[in-house]
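No hydrogens, no waters, no symmetry mates; every other heavy atom, side chains included, goes into these values. Every chain is numbered from 1 and lettered A, B, ... according to where its sequence line falls, protein lines coming before strand lines. Computed from a predicted structure; not experimentally measured.
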Amino acid sequence: MRIATWNVNSLKARLPRVEEWVATVQPDVLCLQETKLTDAAFPGLSFQSLGYESAHHGQGQWNGVAVLSRVGLEDVVVGFDDGEEEDPEARLLWATCGGVRVASVYVPNGRALDHDHYRYKLAWLERLAGVLRDRSEPDAALAVCGDFNIAPDDRDVYDPADFVGATHVSEPERAALARLEAWGLVDVFRRHYDAGGLFSWWDYRAGNFHKGKGMRIDLILATAPLAARSTAILIDRNARKGKQPSDHAPVVWDVA
DNA sequence: ATGGTCGCGCAGCGA
């Protein structure tokens, strides 16, 4: 099974590129983030014509996550089903596809270490950890896929010196990610590669993609038994090239 | 080049 994740930075702006990419790469499951669409505007028919069922959780203008699947799509859960107050932002969607419990996540950016949005980011990650603890088992086939807005360690940024005091690399964010891993999730990419300089996001500005100045913030975190079935993973940086690219590249994972 | 780019939506914010 091929599972992919891609922050498309507006599905309206990106639909032609996403359709072309899906037809070429043929993922069985595709998690999307930052669709920036209402549910009514989600192009489900376009994906249906390519052979995919889909589920979308959006609000328009900002955020928005989806899961597409051609191996079944069941038990869709939108947001945190923990009985607490509803998340005001559309950042989480669960579905079961081909026997794998999949989450498409768009973790809050945080904006700055002293910003309310940073506290929201940390609380959001703790809430995700709580849902995993309360509603999942680490020996299940489960993958949390998406834009985590966290570079797990210094190999995952182009120059750590440029990120001192910034979000995405701060100790509390990395500790929150480590708590997800302590529950039982594995950063599948690091199961295959030790090297730094392998990024999934590059700022549109200042030719950063051309200069290789990026970060690896788009992750697939899988439970150990599912990660053990991993045969290959790559970041498709070709998808960051050409006309009207997203600022993120997709991550593509093959599971036996 | 004293700023560099997108997307949203029509000013300026968010990423």
Salt bridge flag under 4.0 Å for residues A/Lys121 and A/Glu173: yes

Along DNA chain B (nearest heavy atom to each residue), the more 5'-positioned of A/Asn63 and A/Lys12: A/Lys12

Whole-Å C1' distance, B/dG7 and B/dA11: 14 Å

Sidechain N-carboxylate O distance under 4.0 Å for A/Asp28, A/Arg70: yes

Between B/dA1 and B/dG12 - P atom distance, rounded Å: 28 Å

N/O (side chain, A/Arg205) to phosphate O (OP1/OP2, B/dG3) under 4.0 Å: no

Whole angstrom value for the distance that separates P of B/dC13 from CD of A/Gln61: 13 Å

A/Ser246 vs B/dC6: side-chain N/O to OP1/OP2 distance below 4.0 Å: no

5'-most by nearest nucleotide on DNA chain B - A/Thr35 or A/Trp62: A/Thr35

Test item: A/Lys211 side-chain N/O and A/Ala206 main-chain N/O as donor-acceptor pair under 3.5 Å: yes

Rounded interatomic separation in angstrom, taking CZ from A/Phe209 and P from B/dG4: 22 Å

Within 6.0 Å of CD in A/Glu20, more than 12 heavy atoms from elsewhere: no

Rounded distance in Å - CG (A/Asn9) to C1' (B/dG14): 10 Å

Separation of atom CG in A/Leu11 from atom P in B/dG7, rounded to whole Å: 13 Å

B/dG14 to B/dG9 separation - C1' atoms, rounded to the nearest Å: 13 Å

Closest listed nucleotide, where the reference is the side chain of A/Ala206 and the choices are B/dA15, B/dG4, B/dG7: B/dG4

Rounded distance in Å - CD1 (A/Ile150) to C1' (B/dA15): 16 Å

Value in whole Å for how far the P atom of B/dG4 lies from NE2 of A/His210: 19 Å

Whole angstrom value for the distance that separates P of B/dG7 from NZ of A/Lys36: 8 Å

Spacing of A/Asp218 atom CG relative to B/dA15 atom P, expressed in whole Å: 15 Å

B/dA15 and B/dG4, which share atom name C1', separated by this distance in whole Å: 16 Å

Note: A/Arg216-A/Asp187 ion pair, threshold 4.0 Å (strictly below): yes

